[in-house]
Amino acid sequence: MKRSVQVEIAGQTLTIRSDEGPDYVQQLAEFVDGHLQLLSGNKRVNSAANAQRVALLVAMQIADELFREKDLHQRFRRKVHERLLGLRLALDQHEQRLAAAEAATDNLDEPPTA
């Protein structure tokens, strides 16, 4: 269920409709506002053109963070997948050795045939 949450970004009050809780939406707003303040030098952006420029720079910075995190996540998943394949191979080899040892033991228990 979508709820309306009021947040302030760059001195402007915005109403955000979201399925997420108000705390989460507020965290997002604070994150964006923090980036805006950092790039604008902690001062109010007076002109609309300058505000748009800073907003685009923030969007690029956040997109960069997202892409880096996605890449890190993909590399981690790949590493986990490779390790799982290695474990499966080791387990299969171990099971084969156990089966071979069991077969050899069974052959020893059988009486000799004449």
Side-chain angles (χ1 to χ4, degrees):
M1 176 176 88
K2 291 200 183 284
R3 294 178 241 173
S4 294
V5 180
Q6 283 197 336
V7 297
E8 187 174 313
I9 301 174
Q12 295 184 25
T13 301
L14 303 170
T15 301
I16 308 292
R17 289 185 42 82
S18 174
D19 289 330
E20 299 296 333
D23 291 340
Y24 179 75
V25 175
Q26 185 61 43
Q27 283 181 318
L28 294 176
E30 289 171 3
F31 182 79
V32 171
D33 193 56
H35 278 279
L36 283 167
Q37 288 179 23
L38 186 66
L39 285 178
S40 66
N42 290 325
K43 57 187 172 209
R44 291 268 187 231
V45 179
N46 295 329
S47 72
N50 197 25
Q52 184 179 18
R53 182 177 180 275
V54 171
L56 291 173
L57 289 172
V58 167
M60 288 296 293
Q61 189 175 36
I62 293 172
D64 177 53
E65 288 179 29
L66 174 65
F67 278 44
R68 289 176 190 270
E69 287 297 322
K70 280 182 159 182
D71 181 58
L72 182 65
H73 180 74
Q74 286 174 346
R75 284 187 283 139
F76 176 75
R77 288 180 61 90
R78 201 174 308 120
K79 190 173 186 177
V80 167
H81 180 72
E82 289 168 2
R83 289 232 172 140
L84 280 174
L85 288 177
L87 286 171
R88 284 184 184 145
L89 179 62
L91 183 59
D92 288 346
Q93 291 172 347
H94 180 70
E95 287 175 345
Q96 288 172 356
R97 284 194 299 272
L98 284 176
E102 190 176 298
T105 303
D106 287 346
N107 287 338
L108 291 176
D109 291 342
E110 292 179 12
T113 56

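Heads up: numbering here begins at 1 and tracks the sequence. Computed from heavy atoms alone, side chains included, the values below leave out hydrogens, waters and symmetry copies.
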query: Does the pair Asp64/Arg68 count as a salt bridge with the N-to-O cut at 4.0 Å?
result: yes
- request: May I have the step-by-step check of side chain to side chain contact (heavy atoms under 4.5 Å, CB included) for Val32 and His35, ending in yes or no?
  value: CA-CA 5 Å; Val32 171; His35 278 279; 5.8 Å; no
task: Answer yes if Leu66 and Leu57 sit in the same cluster of Ile, Leu, Val, Met, Phe, Trp and Tyr residues linked by side chain heavy atoms under 4.5 Å apart, and no otherwise.
output: no
statement: Distance col, row Glu30:CD vs Asp33:CG, nearest 0.5 angstrom, shows 8.0 Å
- request: Return yes when atom CZ of Phe31 has more than 12 non-hydrogen atoms of other residues, nucleotides or ligands closer than 6.0 Å, and no otherwise.
  value: yes
task: Specify the closest pair of heavy atoms between Lys2 and Asp19, including all atoms of both residues, with the distance to one decimal.
output: CG-OD1, 3.1 Å
- line: CD of Gln27 to CD of Glu20, rounded to nearest 0.5 Å, is 10.5 Å
- request: Would you indicate whether the side-chain heavy atoms of Met60 and Leu56 approach each other to under 4.5 Å?
  value: no
query: Is there a side chain to side chain contact (heavy atoms under 4.5 Å, CB included) between Leu98 and Glu102 once you walk through the steps?
result: CA-CA 6 Å; Leu98 284 176; Glu102 190 176 298; over 6 Å; no
Distance (rounded to the nearest 0.5 Å) between Arg77 CZ and His73 NE2: 4.5 Å
Linked, directly or transitively: Ile62 and Tyr24 (ILVMFWY side chains, under 4.5 Å): no
query: To the nearest 0.5 Å, how far apart are CD in Gln96 and CD in Gln93?
result: 7.0 Å
- line: For Ser4 and Thr15, the nearest pair of non-hydrogen atoms, with its separation, is CB-CG2, 3.8 Å
- request: Could you please spell out the steps behind the salt bridge (Lys or Arg N to Asp or Glu O under 4.0 Å) verdict for Asp92 and Arg88?
  value: CA-CA 6 Å; Asp92 288 346; Arg88 284 184 184 145; over 6 Å; no
- line: Correct closest heavy-atom pair for Gln26 and Gln6 would be OE1-O, 4.0 Å
message: Between Val5 and Leu14, is there shared hydrophobic-cluster membership here, with clusters defined by ILVMFWY side-chain heavy atoms closer than 4.5 Å?
response: yes
message: Return the CD1 to CG distance between Ile9 and Leu28, rounded to the nearest 0.5 Å.
response: 8.5 Å
statement: The reported gap from CG in Leu89 to NE2 in His94 (rounded to nearest 0.5 angstrom) is 13.5 Å
query: Between Arg3 and Pro22, which heavy-atom pair has the shortest distance, and what is it?
result: NH1-CD, 3.8 Å
